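We use all heavy atoms of the structure for the numbers below, so side chains are in, but hydrogens, waters and symmetry mates are not. Note that this is a predicted model, so its numbers are computed, not measured.
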Amino acid sequence: MSTPYWKLRRLAARCLRVLDRKKGTDPVFTAFEFSVRPVAANFIKAFDEIGKAKATLSKEREEGRSAVDRLFVITRAWLPLLKRDIPGFDTMEFTSTRAVLDDILEDAIRLHGMVTDYAEGSPTPLSYAADCLASLDTAINSAQKEITEAEQSDVTYQSLSRALRDMATDLEKQMVAFRRTLAVVSGRADKDYQKLRLERAGATDVDDDPAAPLPPVVEPANPGEGPNLP
């Protein structure tokens, strides 16, 4: 599948409008009511849904990253006090970086367990143990919640992506047949045939759906460099 989805999205809307005009002119076009129409309509719906899912995934990932960053800071903030007050406490056991979310979460959970064990078993309990555990609890729960939501959003996005890929293959097949029929019945000079050619997808047309995506912007390259594609 080499045709960009944004082109198919624009052409799918045009297909539906062209079909509306042509279906009464020749019986052959009526047959496409049962092939092109449902496939094009389903692709439009799926394309628009995946756009929303992508935005949701980006938002959830950012919220997850922020929650884990907060957990990272909170975990590290308690280490100097704990090293001062707990005999044998080794801060080197908590050496995760901001790059690996699971490691940050694991460090925080281990630290929570160590503070809990010390507070319950030491004859000299930490005066700030309750505050430490409460702050870790809040940050851990928030991070786990946001990570879970991001993972669920990713599952949804991947599922929609697979479905859209299958729809795109079917849509392209149906549009090729529709264009070829238009070429035979109406001629290649026909405006409706021309607007359904892949090469015309980037040009504006009266049959364009207002919600259809615009062609991607290609930034001009510096001499000797390739173009920067979004």
Side-chain angles (χ1 to χ4, degrees), residues 4-6 9 45-165 211-219 225-230:
Y5 290 168
W6 69 265
R9 171 63 177 81
K45 180 180 178 181
F47 184 96
D48 294 350
E49 284 181 353
I50 202 171
K52 296 175 183 177
K54 185 176 182 179
T56 298
L57 176 57
S58 178
K59 171 179 172 290
E60 295 295 348
R61 282 178 171 170
E62 180 59 31
E63 290 177 351
R65 180 73 263 179
S66 296
V68 175
D69 278 344
R70 179 60 179 161
L71 178 61
F72 179 89
V73 172
I74 289 173
T75 300
R76 295 305 181 277
W78 287 105
L79 296 182
L81 277 172
L82 296 172
K83 181 175 178 59
R84 183 194 69 186
D85 297 333
I86 298 179
F89 183 86
D90 186 4
T91 58
M92 294 305 294
E93 294 183 21
F94 305 91
T95 58
S96 63
T97 67
R98 292 178 185 265
V100 184
L101 274 60
D102 288 342
D103 289 350
I104 295 172
L105 188 58
E106 181 184 342
D107 276 359
I109 292 172
R110 284 194 298 109
L111 184 63
H112 187 283
M114 292 178 65
V115 174
T116 299
D117 291 344
Y118 185 81
E120 292 176 351
S122 173
T124 55
L126 303 171
S127 61
Y128 51 82
D131 289 336
C132 175
L133 294 174
S135 65
L136 286 171
D137 272 332
T138 299
I140 289 171
N141 290 337
S142 176
Q144 289 176 325
K145 171 180 174 293
E146 298 299 342
I147 289 174
T148 297
E149 290 177 356
E151 290 173 344
Q152 290 172 342
S153 293
D154 187 53
V155 169
T156 299
Y157 178 75
Q158 295 303 326
S159 176
L160 291 173
S161 294
R162 289 190 294 270
L164 187 67
R165 183 168 57 249
L214 297 174
V217 177
V218 179
E219 298 178 3
E225 295 182 357
N228 297 317
L229 299 178

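With hydrogens and angles left out, the side-chain atoms of Asp85 and Tyr128 include a donor and acceptor closer than 3.5 Å.
Once rounded to the nearest 0.5 Å, the distance linking CD1 of Ile50 with CD of Gln158 reads 8.0 Å. Atom CD of Glu49 and atom NZ of Lys54 lie 16.0 Å apart (nearest 0.5 Å). How far CG of Leu71 is from OG of Ser66: 12.5 Å, rounded to the nearest 0.5 Å. Here the CD-CD distance, from Glu63 to Glu60, works out to 5.0 Å after rounding to the nearest 0.5 Å. Between atom OG1 of residue Thr95 and atom CG of residue Asp90 there is a gap of 9.5 Å, rounded to the nearest 0.5 Å. In this structure, Glu106 CD and Arg110 CZ are separated by 5.5 Å, a value rounded to the nearest 0.5 Å.
Judged by distance alone, with hydrogens and angles left aside, the side-chain atoms of Ser122 form no donor-acceptor pair with the main-chain N or O of Ala119 at under 3.5 Å. Side chain of Thr56 to backbone of Lys52: a donor-acceptor contact under 3.5 angstrom is found.
Looking at Arg165 and Tyr5, their side chains come closer than 4.5 Å, going by heavy atoms from C-beta outward. The shortest distance between side-chain heavy atoms of Trp78 and Asp131 falls below 4.5 Å.
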Could you walk me through whether Val68 and Leu105 satisfy the side chain to side chain contact (heavy atoms under 4.5 Å, CB included) test, starting with their C-alpha distance in whole Å, then the side-chain angles of each, then the deciding distance to 0.1 Å, before giving a yes or no?
CA-CA 7 Å; Val68 175; Leu105 188 58; over 6 Å; no
Mind running side chain to side chain contact (heavy atoms under 4.5 Å, CB included) on Asp103 and Phe94 for me, showing each step along the way?
CA-CA 9 Å; Asp103 289 350; Phe94 305 91; over 6 Å; no
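Residues satisfying the side-chain hydrogen bond (donor to acceptor under 3.5 Å, both in side chains) criterion with Ser127, sequence neighbours excluded, are absent altogether.
Looking at Asp117, Asp137, Thr75 one by one, the single match for side-chain contact (heavy atoms from CB on, under 4.5 Å) with His112 turns out to be Asp137.
Here the closest non-hydrogen pair linking Ala150 and Leu57 is O-CD1, 3.7 Å. In terms of heavy atoms, Thr97 sits closest to Phe72 at C-CE1, 4.0 Å. Shortest non-hydrogen contact noted between Arg9 and Ala212 is NH1-CB, 3.9 Å. Contact detail for Phe89 and Leu79: the closest heavy-atom pair is CZ-CD2, 3.8 Å.
Screening residues 65-78 for salt bridge (Lys or Arg N to Asp or Glu O under 4.0 Å) gives Arg65-Asp69, Asp69-Arg98, Arg76-Asp107 as the qualifying pairs, with residues at least two apart or on separate chains.
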